[in-house]
Amino acid sequence: MSHILILVLFEKVSILHLLRPVSSSNDSVKGGSLYLEQQRHSDKPAFQKLDRIAAFKMGDTQTSSKDKEVKAKESKDKGFGKEEFRAGGDVSKSKKVQRNSTLGNTEGAEKEGKGISRKKKEKLTKRENPDADLEDFVRAAQIQVKVEPEEEDFCINKKDKVKKRLREQEEPGGSLLESAKKKKKVKMEVEEAEQEPEKQRKKKKESKVKAKKEQEGRPVSAREGGKHKKSKEEVEAAKALKIKKKEEEELQRWRWWEEEKYEDGIKWKFLEHRGPWFPAEYQRLPDNVKFYYDGKLVTLSSAAEEVAVFFAQMLDHEYTTKEVFRNNFFSDWRKEMTLEEKMIITDLNKCDFSEIYKMHKEKVEARKNQGKEEKQKTKDANQKLLEEYGYCTLDHHRERIGNFKIEPPGLFRGRGDHPKQGMLKKRIQPEDVIINCSKDSKIPQPPLGHQWKEVRCDNTVTWLASWTENVQGLCKYVMLNANSKLKGEKDWEKYEIARKLKSCVETIRTQYQADLKSKQMGIRQRAVALYFIDKLALRAGNEKEEGETADTVGCCSLRVEHISLHPELDGEKYVVEFDFLGKDCIRYYNKVPVEKAVFKNLKLFMEDKQPGDDLFDRLNTAMLNKHLHSLMAGLTAKVFRTYNASITLQQQLKELTNALDNIPEKILSYNRANRAVAILCNHQRAPPKTFEQSMANLQAKIDNRKEQLSLAKKELKQAKKDAKDHADDKLLA
DNA sequence: ATACGAACTTAGTATTCCGCAC
DNA sequence: GTGCGGAATACTAAGTTCGTAT
C-alpha cells in the first residue's frame, strides 16, 4: 500500500511529471500497480485489492470461480498485504514476441464511409506542450520501459516507514522550471522511492510501532504526567487504537468473495439507506458585505447573490479569466436575476465582487486558524454526518457509501477548453432525486417539506440515489464506496478478464497482424486501431457530440491532424508521431516506431483527407468492441489497457527487484515499475500550486548545505595548514 | 445500423489530515 | 507549538460499455 507521489522534472522541459501511483479500483490502469484503491477511498479496498492481486498472476490465466475462491481465501489467510497488480509488462517487448496462434476470428461487417470529415477548426489546445526531451523520455520509456531517466539524481529519502509510501522526486536536470506558465507539467503517476540513507529511522519507527502495540489496551486519554511525555504517549495510544480498530474492522470485513454470486444481473436482495445528504440552503451575505456595479451599490436578490458568490469565490482561479467561463457564467447568472437586476447588470467587467471575495478569503483564513476545539467540533460534526448518512445496509451488511452528499451548486468546472465551463450548476432538490432501495426497507424520508422525485426498487442496479445534472444533462449517482462488495466484485471481474486476455492475447495479436493486410479497409482500420490500443494503451475513443464537451479523442476518434508519419526519424524507421488531447484534456505526445504494415496503412488512411477528418473513418468503438467480443467473451477495448498496465507492472517488478534488496530498494523498484505504468498510460497531472515554492525551499536548503560544505572544506584546509605550520615550528624549535 | 441514454469505471483536482523538523 | 509537505480522502468530471429504441 505504499505509494508515493512523485514529482518528476524533465530537464529542459520545464515540465513536471508527477507520477502517481495507480489507483486500483478506480482505474484499472491507472497506475496499474499497486496504487491501491485506497488512495481514493478507504484503505480497506486496498487490502482487498492486494489480495486479489496476489491472485492475479498474469501467469495463470484460467481461473475458474472456484479458483478464485480458493485464491482469495489463500491470500486472505495470508493476511492481506499485497496489492493487486494490474498491469504488467513491457509492452513493446511482449509485442516483439512472435505470435503464432491463429484464432478463428469473426469479421464484422464493414461499413461504408462514415467518413464525414469534421472540421475541427480548433487546433488542439493543449494543456501544454512538452518538449522534446520529455517526448523522448516518454517514448523511450514507453517503448522500453527500462529506460529510466536519471532518477537517482535527486532522491531524497524521506521516511522509511515501512508502511508509508515514499515519494521520490526526481529531477533530471537543469532548467526545469522553464516557463512557469508552461505548466505543462505532466504528472505521471509515479511513485518514487527513495533511497533511504537512514535505516535508523526505520528502526525508530519499528520500535514505535512496537510500543504502540504494547500500549494498545490503554485508555486513549491518559492526560496525566509530564506534558511532553503525556502527549507523546497519547499520540501513541491513539495510534495503537487506530491500528486496533483497523484490525477489528478487518476481522469484521464482509467476505463476500467467499459467497455465491447472484445471477441474472441481480445486484442485491436488500438495500436500505437514509437517502442522500443535502447541502444547507444558501444564507445571505451579511449586511456589511456589498456588491457594486459600475461603482454603484446594488443589493442583489438571494438567487442572484448566491451565484455572484460562486463567482467571487473563484476569483483566484484561472477559470475566471477565461472568456468562455466568464461568458457562460454571466449568461447563467443573468438567468437568476430579477428583471430589475438584469436591467442594471449588463457587463461582467463592471461588476465589483471584491467585498464578497474578501469575505470569502477571511472565512477560509478563519477556518484555518480556528482553535483546536473548534476544529474538533467540525470534525465531530462531519463524523456524525458520516455515521448518519454515510452507510447503508446491503444484504445484511453495513456498507460505506462513496458519495452520500448531493453535489452542491456552483459553477461548472469542465476541464480543458470545455465549452460549458462557468455555467451554473444548479442546486439539487429532493424533488430532483430518485431513490433506489428495497421495498421492504425503511424508505428514506425526504427533507422536511419536500418529496422525492421517485422511489424505486431496482435491484439490478447498484445506485442508491440519482439525479440529472443541469449543465450537461447527465445522470449522477450515489453509489457505494470502492471497498464495498458491489465495487469490489466488479473490480475483481475486471482483473479476471484481463487475466483471461493474457491467455489469448497472442492469438489476438496474430489476428490483427493478419488483418493489417485485409482487403477490406474497415478491417484494416480495425487492425491498426487495435494495434495502437494494444501497443500504446490508448483508450477506445468514443465519438462525442461536438460543442458539448472539450475536443478530446481516443483511438477510434483520432483525426488525421493528430498523427504525423515519419518514414525515418532519429535513426528509426516508420515512426508515428502522436499529438492529441485525451481524456481530461491531457496531452498525449509520443513518437513510436511501428511496423511497416501499420505505417503503410496509416498512409493509406490519410490519403485524400483533411486534417480534421477521422483517421479511422470506417471504424467506431462499437464495431471494434463487437469484434473483440467475438474473439473473447467479455473482451472490450479497455481491457487491453488494464492488461497491458498490469503486465507492465509485473514485468517491471520482476526485472527491477532483487530478492536480496532491502525495503527501500524494493520501494524504489516498485516506484519505478509504477512509473513505467504511468508512462504507458499517460497518467499526468498538474503540479501542485505549492510546487514552485517547495522547489525553491529545497534549492535553498541545498545551497545552504553547499555553502556549509565549502566553508567546512576551507576550514579543514586551513586547519591542515595550521597544523603543518605548527608542526614545522615545532620541528624547528 | 444507429442513436441514445443508463450505468459504471476511470481520473484529475481540491481539501483535509498527519507526521516531522525546527 | 508551528508550519511545511506529503499522504489520504473527498469530490466530481470524463470516459467506456451495453441495452434498447428508432
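Sequence lines set the chain letters: A, B, ... in the order given, protein chains first and strands last, and positions in each chain run from 1.
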Could you please name the option among [options] that lies closest to any side-chain atom of [X]?
{"X": "Lys490(A)", "options": "dT12(C), dT9(B), dA7(B)", "answer": "dT9(B)"}
{"X": "Ala686(A)", "options": "dC8(B), dT12(C), dT13(B)", "answer": "dT13(B)"}
{"X": "Arg367(A)", "options": "dG12(B), dT13(B), dT16(B)", "answer": "dT16(B)"}
{"X": "Tyr477(A)", "options": "dT10(B), dC8(B), dC17(B)", "answer": "dC8(B)"}

Check ion pair Lys494(A)-Asp491(A) (N to O, under 4.0 angstrom)
yes
Worked verdict on Glu407(A) versus Lys476(A) for salt bridge (charged side-chain N to carboxylate O under 4.0 Å, His left out)
CA-CA 9 Å; Glu407(A) 292 175 19; Lys476(A) 298 270 194 171; 3.2 Å; yes
Please report the distance, rounded to the nearest Å, between [atom1] in [X] and [atom2] in [N].
{"X": "Asp491(A)", "N": "dT9(B)", "atom1": "CG", "atom2": "P", "value": "8 Å"}
{"X": "Met479(A)", "N": "dT9(B)", "atom1": "CE", "atom2": "P", "value": "7 Å"}
{"X": "Ile401(A)", "N": "dA10(C)", "atom1": "CD1", "atom2": "P", "value": "13 Å"}

With the side chain counted from C-beta on, respond yes when Met314(A) and Phe325(A) share a heavy-atom pair under 4.5 Å apart, and no when they do not.
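A side-chain contact under 4.5 Å exists here.
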Quick one: does Arg526(A)'s side chain get under 4.5 Å of Met623(A)'s, heavy atoms only?
no
When you match Thr460(A) and Lys379(A) each to their closest nucleotide on DNA chain B, which lands nearer the 5' end?
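On the 5' side of the pair lies Thr460(A).
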Closest-nucleotide 5' rank along DNA chain B - winner of Leu486(A) and Gly473(A):
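Residue closer to the 5' terminus by nearest nucleotide: Gly473(A).
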Are OP1 or OP2 of dC11(C) and a side-chain N or O of Lys405(A) less than 4.0 angstrom apart?
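Yes, Lys405(A) has a side-chain N/O under 4.0 Å of OP1/OP2 on dC11(C).
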May I ask you to evaluate whether Thr462(A) reaches the phosphate of dC8(B), defined as a side-chain N or O under 4.0 Å from OP1 or OP2?
yes
What pairs with Phe532(A) under ring-ring contact (aromatic ring centres under 6.0 Å, His included), at least two apart in sequence or on another chain?
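ring-ring contact (aromatic ring centres under 6.0 Å, His included) check on Phe532(A) returns Phe578(A).
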Each nucleotide in nucleotides 14-22 of chain C should get exactly one letter: B, S or -. Can you fill that in based on protein heavy atoms under 4.0 Å?
BSBBS----
Under 4.0 Å between any heavy atoms, over every strand shown, what does Lys368(A) touch: base, sugar-phosphate, or nothing? Just pick one.
nothing
Lys375(A) near the nucleic acid: base, sugar-phosphate alone, or nothing, with a heavy-atom cut-off under 4.0 Å?
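Here Lys375(A) touches no strand at all.
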Got a donor-acceptor contact below 3.5 angstrom from the Asn644(A) side chain to the Leu536(A) backbone?
no
Please answer whether the main-chain N or O of Val461(A) pairs with a side-chain N or O of Trp268(A) as donor and acceptor at a distance below 3.5 Å.
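Checking the backbone N and O of Val461(A) against the side chain of Trp268(A), a donor-acceptor pair under 3.5 Å is found.
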For the residue pair Phe412(A) and His418(A), does the interplanar ring angle fall in the parallel (under 30°), tilted (30 to 60°) or perpendicular (over 60°) class?
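Perpendicular.
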Hey, are Lys487(A) and Thr462(A) close enough side-chain-wise for a donor-acceptor pair under 3.5 Å?
no
Ordered by number, residues from residues 310-320 of chain A within less than 4.0 Å of DNA chain C (heavy atoms) are none
